[in-house]
Amino acid sequence: MLINCVVYEQGRKLADIPVEDISEWIVKPGAFVWVALRDATDDELRQMQEEFGLHELAVEDARHGHQRPKIEEYGDMLFVVMRLLEADPQDAGSLHAGEVAVFVGSNFVLSVRNDSRQDFLGVRGRCEREPELLKHGSGFVLYALMDAVVDRYFPLLDALETELDAIESKIFQRGAARTNIERLYDLKRRATVLRHAVAPLLEVAGKFHGGRVPAVCTRSQEYFRDVHDHLARINAAIDGIRDTIGTAIQVNLSMVTIEESETTKRLAAWAAIFAVSTALAGIWGMNFEHMPELKWAWGYPMALTLIASAAGILFWRFRRAGWL
C-alpha cells in the first residue's frame, strides 16, 4: 500500500505527486523523491522498479522479505535492510520481527515496510522540520530512517534489563527455581532476537562513515557515526545481558542443587532417628525365652523411655548440625 509519495527541492517539500510522475521529477537537478510503501504488492514493486530503475535482485529481496540486516550496492544505488522489532500482539512475552527495505539513490528514497505495525510518519515530519539538514538529500533521509529504527531498540533493551533485575531478585527465593529457569530462557530468547537485529546493523552503519563511504552518504557521515555509536552501546548491553543470564542460570541451578542437598539431609536425619527406634523395637520384638526385661513390670515403660530418649538425642544433634 502506498503511504505517501513526495518530491523535495533544496530541503523543502514541493508537493505530493502521483507515482506516474516520479520518473519526471527524479531527472530534475536539486530535487529528490521520497516514497513510502507498506506491505507492497508485486504490482507496486514492479511499478517502482520501472519508475526508479531498481535492480531486480534488490526488488526480489524486498518482495520476499525475511532478510538479514545488510547493505548492498548496485552501481550508484544502495539497498539497505533493517529489522523492526516490537512486542508480539499474540504473545506478550515474545518479540515480533518485521523489516524495512530502503532503496537509496542520489535523487530518491524508497522505503518498503513489511509485516510491522510501526510507521515512519514521525521521521518524515522531523526531516521536514529541518530543511537545512534535508538539503543533504537522500543520504540524510536514510540516516533519519536508520536512527528511528535504532531508537526503537532502546525501550526493548530497557524492558529486558528490568525483567532481568526482577528475576535476579527472586533467584534465592525457595521454590521459585523452575519459574526462574523458564523466565531466564524466555529472556535469553528475546535478547537473541534483539541481537540478531543489532549486530548486523552495526556492521552496516560502520560502512557509512570513515573509509570508503557510498557517494550518496558522504555529506551525512557524522550522523551515521552517531547511529553507529548507539548500535555499539546497544550491542554491548545485549552482550552484558546474555552474560548475566548465563550466570543467573548457573546460580539458579546451584540453588536447586543446594535445595536438593538440604532435602536429602533432612530425609537422612529422620531416617536415622527412625532407624534407631526401629532397631530397639526390633531387639525387644524377637521374643526369646530368656529375656528378663520381658517379664519385668517396668520393662515396657523403660523401653519406650529409651526409644524416646535416643530419638530426642539424635534430633538435638541433627538440629544443632543444621540438618533439621
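Note that the numbering runs from 1 along the sequence shown for the chain.
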State which residues pass side chain to side chain donor-acceptor pair (under 3.5 Å) with Asn4; sequence neighbours excluded, sorted by chain then number.
Arg124
For Leu160 and Ala191 the tightest heavy-atom approach is CD1-CA, 3.9 Å
Charged N to carboxylate O below 4.0 Å: is that the case for Arg46 and Glu50?
no
Within 45° of the axis and under 6.0 Å from the centre of the six-membered ring of Tyr153, does NZ or CZ of Arg233 qualify?
no
Contacts of Asp239 that satisfy side chain to side chain donor-acceptor pair (under 3.5 Å) - sequence neighbours left out
Arg195
Is any NZ, NE, NH1 or NH2 atom of the basic residue among Glu163 and Arg190 found under 4.0 Å from an Asp or Glu carboxylate oxygen of the other?
yes
Which word best sums up how the rings of Tyr223 and Tyr143 line up, parallel for under 30°, tilted for 30 to 60°, or perpendicular for over 60°?
tilted
For the side chain of Glu24 and the backbone of Asp21, is there at least one donor-acceptor N/O pair under 3.5 Å apart?
no
Could you pull out all residues at least two apart from Glu130 that satisfy salt bridge (charged side-chain N to carboxylate O under 4.0 Å, His left out)?
Arg126
Please identify each residue that fulfils side chain to side chain donor-acceptor pair (under 3.5 Å) with Ser23, with sequence neighbours left out.
Glu51
With sequence neighbours left out, write down each residue that passes side chain to side chain donor-acceptor pair (under 3.5 Å) with Asp243, or none if nothing qualifies.
none
Tell me every residue that passes ring-ring contact (aromatic ring centres under 6.0 Å, His included) with Phe32, counting only those two or more places apart in sequence or in another chain.
Tyr8
